[in-house]
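Down below is the structure, laid out as structure tokens.
This structure is a prediction, so every number in the text was calculated from the model and none was measured. Every heavy atom of this structure was used, including side-chain atoms; hydrogens, water molecules and symmetry mates were not. In this chain, residues are counted from 1 in sequence order.
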Amino acid sequence: MADVSVRFQIAGDSEIVLNLATPQAVRLVEALMGKVADAMAAPERLAVGTSWQQGPPAAPAPPAFNPGQRLPQ
């Protein structure tokens with residue numbers, strides 16, 4: 001008999017439902033938390049870097065205008 005139902009939502013309307021006894025559910029949660037902690041401690045394992053946080057590269061700055069400079073014609 002299941003004490004706990006664990007539902008994992010998958011793409012769209014699909015889901016995985018695990019009916020577990022309480023000790024099994026506790027071990028599952030502990031294992032998942034351990035994997036999350038490992039991934040957060042070593043982001044290079046997941047090929048996650050800080051570049052995605054910086055946004056796109058900035059456009060190059062236009063050349064500075066010198067009032068004594070002649071403009072090309």
Side-chain angles (χ1 to χ4, degrees):
M1 183 173 156
D3 297 322
V4 178
S5 290
V6 180
R7 297 178 184 270
F8 295 97
Q9 190 71 34
I10 309 298
D13 296 334
S14 301
E15 65 181 13
I16 295 173
V17 179
L18 301 175
N19 295 313
L20 305 171
T22 301
Q24 290 175 317
V26 169
R27 283 196 303 270
L28 175 64
V29 170
E30 288 173 345
L32 290 172
M33 294 299 291
K35 293 291 184 181
V36 168
D38 290 346
M40 292 180 70
E44 65 277 357
R45 282 185 31 200
L46 300 176
V48 174
T50 57
S51 62
W52 64 274
Q53 295 173 337
Q54 296 171 357
F65 176 71
N66 181 353
Q69 178 184 7
R70 294 185 62 182
L71 296 175
Q73 294 186 14

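Considering OG1 of T22 and CZ of R27, their distance stands at 11.0 Å, rounded to 0.5 Å. Rounded to the nearest 0.5 angstrom, E15 CD and L18 CG are separated by 10.5 Å. In this structure, the separation between CG on L32 and CZ on F8 is 5.5 Å, given to the nearest 0.5 Å.
Cluster membership for V17 and V26, using ILVMFWY side-chain heavy atoms within less than 4.5 angstrom, is not shared. When the side chains of ILVMFWY residues are joined at heavy-atom separations under 4.5 Å, either directly or via intervening members, M33 and M40 end up in two distinct hydrophobic clusters.
Between A21 and D3, the shortest heavy-atom contact is CA-OD2, 3.7 Å.
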